[in-house]
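What's counted below: heavy atoms across the whole structure, side chains too, no hydrogens, waters or symmetry copies. Protein chains get the first letters and strands the later ones, always in sequence-line order, with residue 1 at the start of each.
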There are 2 protein chains.
Amino acid sequence: MKPHVHQERLSELNEKLRQKSRKVTAPRQAILDVLRKHRHPLTNKEIFAVLPPGECDLATIYRSMHMLESMRMVQRFDFGDGTARYELICEGDDGHHHHLICTRCSEVLEIEDCFPVALEKKLAEDSGFKFVTHKLEFFGVCPKCQGK
Amino acid sequence: MKPHVHQERLSELNEKLRQKSRKVTAPRQAILDVLRKHRHPLTNKEIFAVLPPGECDLATIYRSMHMLESMRMVQRFDFGDGTARYELICEGDDGHHHHLICTRCSEVLEIEDCFPVALEKKLAEDSGFKFVTHKLEFFGVCPKCQGK
DNA sequence: ATGTTAATTGCAAATCATTTGCAATGCATA
DNA sequence: TATGCATTGCAAATGATTTGCAATTAACAT
Ligand SMILES: [Mn+2]
Ligand SMILES: [Mn+2]
Ligand SMILES: [Zn+2]
Ligand SMILES: [Zn+2]
């Protein structure tokens, strides 16, 4: 890959990792590179499949995603099929957003709007709950799949 | 259990099952009885635990829930912990609703409001998707758990 | 009431995603 | 370069769910 891209990523990684006595390793760099190239959430197995053979063990990907999630570098999503998906969190973004998923071909649309924040507040007040968040995903049939 | 309750449930079951050459069996009746007694979603294991020993195999519960879901007698929910939960669908209801779950003690509050229907329409128009639905769950810390 | 037949069940083994133990390896810092 | 702790690969363990199959049973026609 291009050196400057590598450097850029590395320094960004360094920043966030060094503070927590975490190491910048080849597997972690490789995983972040994969996530960079995709705009939609990926499963661990998908990341593993994209990675050059022998580059990184699947168990390492699982461990890495947990770590990256805990340090807010990736956001975890659940499409209801029993498999976790992860997306890189962009600069100055909290990662919170939603998707519209085709139930036939699994195409994914990124959804910018986030409604329930308003409802969230109301819920928190009414229920006495604090730190209220939500998970929301939309499902439907995409234009291509509507034919049959 | 009381005879008339049994009859009531049995006839309701009969109605829905007979049409599809499905059988009214003891395990299915027992499972529905358990769901009747609970207002919040239950996992298959929870249903299994409540059932009298030897009443029904866990695999049978899994199979029954699939069937009951396919005939719209139960609604499946996903709280993001990798375990499916099911709730009985009441008469004249489509089962669609949401929850507010305490991330500390797992207490569940049923949420009546459903926002995203409006957003759903807009999404469908903008994207060309059809049959758009959504899954939405809220998470937070309940009053009891806020102490520490 | 009894027989026929297809649906259903229990049980064990198989799957699938995810986690974990542990010895070997590799980063960060002195 | 040496040291120490984080990290990795690999294999085995877990936990939820599914599945194959022979035995059982509900539904319905004798
Ligand atoms: Mn996304
Ligand atoms: Mn509910
Ligand atoms: Zn949102
Ligand atoms: Zn809703």
Determine whether any donor atom in the side chain of A:Arg28 lies under 3.5 Å from an acceptor atom in the base of C:dG26, or the reverse, and answer yes or no.
no

Test for a donor-acceptor pair under 3.5 Å between the base of C:dG21 and the side chain of A:Arg63, counting only N and O atoms.
yes

Hey, are A:His97 and A:Glu112 close enough side-chain-wise for a donor-acceptor pair under 3.5 Å?
no

Do A:His40 and A:Glu107 have side-chain N/O donor and acceptor atoms under 3.5 Å apart?
no

Rounded to the nearest angstrom, tell me the gap between atom [atom1] in [X] and atom [atom2] in [N].
X: A:His66; N: C:dT20; atom1: NE2; atom2: C1'; answer: 11 Å
X: A:Leu17; N: C:dG26; atom1: CG; atom2: P; answer: 19 Å
X: B:Gln29; N: D:dA26; atom1: CD; atom2: C1'; answer: 11 Å
X: A:Ile61; N: C:dA17; atom1: CD1; atom2: P; answer: 13 Å
X: A:Asp57; N: C:dG21; atom1: CG; atom2: P; answer: 16 Å
X: A:Met65; N: D:dT8; atom1: CE; atom2: C1'; answer: 17 Å
X: A:Arg18; N: C:dC27; atom1: CZ; atom2: C1'; answer: 10 Å
X: A:Phe48; N: C:dA17; atom1: CZ; atom2: C1'; answer: 14 Å

Please determine if A:Lys37 and A:Asp33 form a salt bridge, counting it only when a charged side-chain N lies under 4.0 Å from a carboxylate O.
no

Checking contacts here: which listed nucleotide ([options]) is nearest the side-chain heavy atoms of [X]?
X: B:Val24; options: C:dT18, D:dA27, C:dT8; result: D:dA27
X: B:Pro27; options: D:dT17, D:dT7, C:dT9; result: C:dT9
X: A:Cys56; options: C:dA28, C:dT20, D:dG9; result: D:dG9
X: A:Ser64; options: D:dA16, D:dG9, D:dT8; result: D:dT8

Which residue lies toward the 5' end of DNA chain D, B:Arg22 or B:Arg76, if each is placed at its nearest nucleotide?
B:Arg76

Does a side-chain N or O of [X] approach OP1 or OP2 of [N] to a distance below 4.0 Å, or not?
X: A:Tyr62; N: C:dT19; value: no
X: A:Lys45; N: C:dA17; value: yes
X: B:Thr60; N: C:dG10; value: yes
X: B:Thr83; N: D:dG15; value: no

Heavy-atom pair of closest approach, residues B:His96 and B:Gln75
N-OE1, 4.2 Å

Strictly under 6.0 Å, is that where the ring centroids of B:His98 and B:His134 end up?
yes

Under 4.0 Å, heavy atoms only, any strand: does B:Ala84 hit a base, just the sugar-phosphate, or nothing?
sugar-phosphate

